[in-house]
Amino acid sequence: MNTFAKYILEEKNLTAKMEIMYYLSKKEKIYFNKSVIIKTELARLFLKYNKLDLDENLVLTACLLCNCKKVENASSLDKIRTYAKRGAEYLETLGFDKRFCKICEEVNRYSGSKPREKESDILELVEQFGGMILDRPERIGFNPDEAMVLLIHRNLRNEYNRYIEIFSQFIDMLEEINMGEFVEIKAIRKLVKTYNETDELIDFIKKIANQYEPQIDSLISKRYKEIKKEMFQEVPKNNRPLFTEETTRNILKNIEDKKTITN
């Protein structure tokens, strides 16, 4: 039987997935806004350039759907604590299997679901980091350095997230990338700026897909090539060897002598 789950999981193009979500949100009145897009883009970048043993299509689909029952500016603590669980239950009615629903439920830790799926750790990181760099009614967004400090030392201080160290290193790398042509603007700041300057959700999706993604992918690819070149550059020929030839002969002779005694 064809289900919504099968339909969106079989669509491999991320922009097309976002368009599907846009129309689903209009029909079902589920939570889907620009913040979901920015968090999914962070996940896309993290997965693409860290070569983790994860199903990228599954993780990004979960990023788009895990907040489906979230309530914007919720005043009720109960709604905050239960939205992921309620979302997982809703996703099951759309045809998603129990593991996918569990991954989405574990976007936060309120339900106490254990053991955690490894994909859930990615969702948790982009959900919390992405939320902190965006403005809220009660505060302005944190800069990426501040957000990472809060994520590590406050939000996840007593929790284990298997990807937190790699994610922190990746955010540091993004902070080294300049995306401005005339005025310097770092990669994450450019993403947030596009978010703030674009009102309509569908326009934001188009800007991310057609402008931001091609530019950041090109710049990161260039950066990785530079890092690889620095790591594997040829050692200058005038470098002194670690051991002298005499020392090397003595070490080899000692090994041979030990073999003879052993035999």
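Worth saying up front: this structure is predicted, and the values here are computed from it rather than measured. Basis for what follows: all heavy atoms, side chains included, without hydrogens, waters or symmetry-related copies.
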Worksheet item: Quick one: do L42 and V149 end up in the same hydrophobic cluster if we chain Ile, Leu, Val, Met, Phe, Trp and Tyr together by side-chain heavy atoms under 4.5 Å apart?
Response: no
Worksheet item: Under 4.5 Å between side-chain heavy atoms, hopping through other hydrophobics if needed: is there a path connecting F96 to Y23?
Response: yes
Exercise answer: donor-acceptor pairs, residues 97-105 side-chain atoms, under 3.5 Å, sequence neighbours excluded:
from	atom 1	to	atom 2	distance (Å)
D97	OD1	R99	N	3.2
D97	OD1	F100	N	2.7
K98	NZ	E92	OE2	3.0
R99	NE	E117	OE1	3.0
R99	NH1	E119	OE2	3.4
R99	NH2	E117	OE1	3.2
R99	NH2	E119	OE1	2.7
R99	NH2	E119	OE2	2.9
K102	NZ	E106	OE2	2.6
K102	NZ	P115	O	2.4
K102	NZ	E117	OE2	3.3
E105	OE2	S111	OG	2.7

Any chance you could measure [X], atom [atom1], to [Y], atom [atom2], to the nearest 0.5 Å?
{"X": "L45", "Y": "T40", "atom1": "CG", "atom2": "OG1", "result": "11.0 Å"}
{"X": "E28", "Y": "I30", "atom1": "CD", "atom2": "CD1", "result": "7.0 Å"}
{"X": "I164", "Y": "I152", "atom1": "CD1", "atom2": "CD1", "result": "4.5 Å"}
{"X": "N161", "Y": "R116", "atom1": "CG", "atom2": "CZ", "result": "6.5 Å"}
{"X": "I140", "Y": "D135", "atom1": "CD1", "atom2": "CG", "result": "6.5 Å"}
{"X": "N13", "Y": "M18", "atom1": "CG", "atom2": "CE", "result": "9.5 Å"}

Which atom names give the shortest non-hydrogen contact between [X] and [Y], and what distance separates them?
{"X": "Y163", "Y": "K118", "value": "CE1-O, 3.3 Å"}
{"X": "V126", "Y": "K39", "value": "O-CG, 3.4 Å"}
{"X": "I37", "Y": "L64", "value": "CD1-CD2, 4.5 Å"}
{"X": "A84", "Y": "V107", "value": "CB-CG1, 3.9 Å"}
{"X": "K193", "Y": "I185", "value": "CD-CD1, 3.6 Å"}
{"X": "M132", "Y": "A147", "value": "CE-O, 3.2 Å"}

When you measure from the side chain of [X] to the backbone N and O of [Y], does any donor-acceptor pair fall under 3.5 Å?
{"X": "T82", "Y": "D78", "answer": "yes"}
{"X": "Q215", "Y": "Y212", "answer": "no"}
{"X": "T198", "Y": "T194", "answer": "yes"}
{"X": "S221", "Y": "S218", "answer": "no"}
{"X": "N178", "Y": "G180", "answer": "yes"}

Discussion item. Before you tell me yes or no, could you show the steps for K70 and E127 under side chain to side chain contact (heavy atoms under 4.5 Å, CB included), namely the whole-Å CA-CA distance, both residues' side-chain angles and the distance that decides it to 0.1 Å?
Written reply: CA-CA 12 Å; K70 192 173 185 178; E127 171 68 19; 2.9 Å; yes
Worksheet item: What do the steps show when you test L60 against L47 for side chain to side chain contact (heavy atoms under 4.5 Å, CB included), and what is the final call?
Response: CA-CA 9 Å; L60 296 182; L47 291 169; 4.1 Å; yes
Is [Y] close to [X] at the side-chain level, that is, under 4.5 Å between some pair of heavy atoms?
{"X": "F129", "Y": "I171", "answer": "yes"}
{"X": "C63", "Y": "V36", "answer": "no"}
{"X": "Y90", "Y": "C68", "answer": "yes"}
{"X": "M21", "Y": "I8", "answer": "yes"}
{"X": "L191", "Y": "I38", "answer": "yes"}

Worksheet entry | Non-neighbouring partners of F142 that pass ring-ring contact (aromatic ring centres under 6.0 Å, His included), sequence neighbours left out | none
Item to complete: Evaluate the side chain to side chain contact (heavy atoms under 4.5 Å, CB included) criterion for residues E11 and T61: first the C-alpha distance (whole Å), next the side-chain angles of each, then the deciding distance (0.1 Å), finally the verdict.
Response: CA-CA 10 Å; E11 175 54 70; T61 305; over 6 Å; no
Fill in: R86 and E89: CA distance, side-chain angles, deciding distance, salt bridge (charged side-chain N to carboxylate O under 4.0 Å, His left out) verdict
CA-CA 5 Å; R86 289 185 289 109; E89 292 167 353; over 6 Å; no
Practice prompt. Is it possible for you to check whether K69 lies under 6.0 Å from the centre of the six-membered ring of Y83, through NZ or CZ, and within 45° of that ring's axis?
Written response: no
Response to the item:
Partner of M179 under side-chain contact (heavy atoms from CB on, under 4.5 Å), picked from L174, I216, I188, is I216
Response to the item:
Which of I208, N210, I20, I205 passes side-chain contact (heavy atoms from CB on, under 4.5 Å) with T15? It is I205
Discussion item. Salt bridge (charged side-chain N to carboxylate O under 4.0 Å, His left out) for K186 and E184? Distances and angles first, verdict last.
Written reply: CA-CA 7 Å; K186 300 302 182 183; E184 182 175 289; 3.3 Å; yes
I'd like to know whether [atom1] of [X] has more than 12 heavy-atom contacts from other residues, nucleotides or ligands below 6.0 angstrom.
{"X": "R162", "atom1": "CZ", "answer": "yes"}
{"X": "E176", "atom1": "CD", "answer": "yes"}
{"X": "R139", "atom1": "CZ", "answer": "yes"}

Discussion item. Would you call the rings of F167 and F46 parallel, tilted or perpendicular, taking 30° and 60° as the class edges?
Written reply: perpendicular
Practice prompt. Applying salt bridge (charged side-chain N to carboxylate O under 4.0 Å, His left out), run through E56 and R44 and close with a yes or a no.
Written response: CA-CA 8 Å; E56 182 177 331; R44 183 193 74 83; over 6 Å; no
Item to complete: Show your reasoning for whether side chain to side chain contact (heavy atoms under 4.5 Å, CB included) applies to L125 and L156.
Response: CA-CA 9 Å; L125 292 172; L156 298 179; 4.0 Å; yes
Discussion item. Ring centres under 6.0 Å, that's the criterion: do F32 and Y22 meet it?
Written reply: no
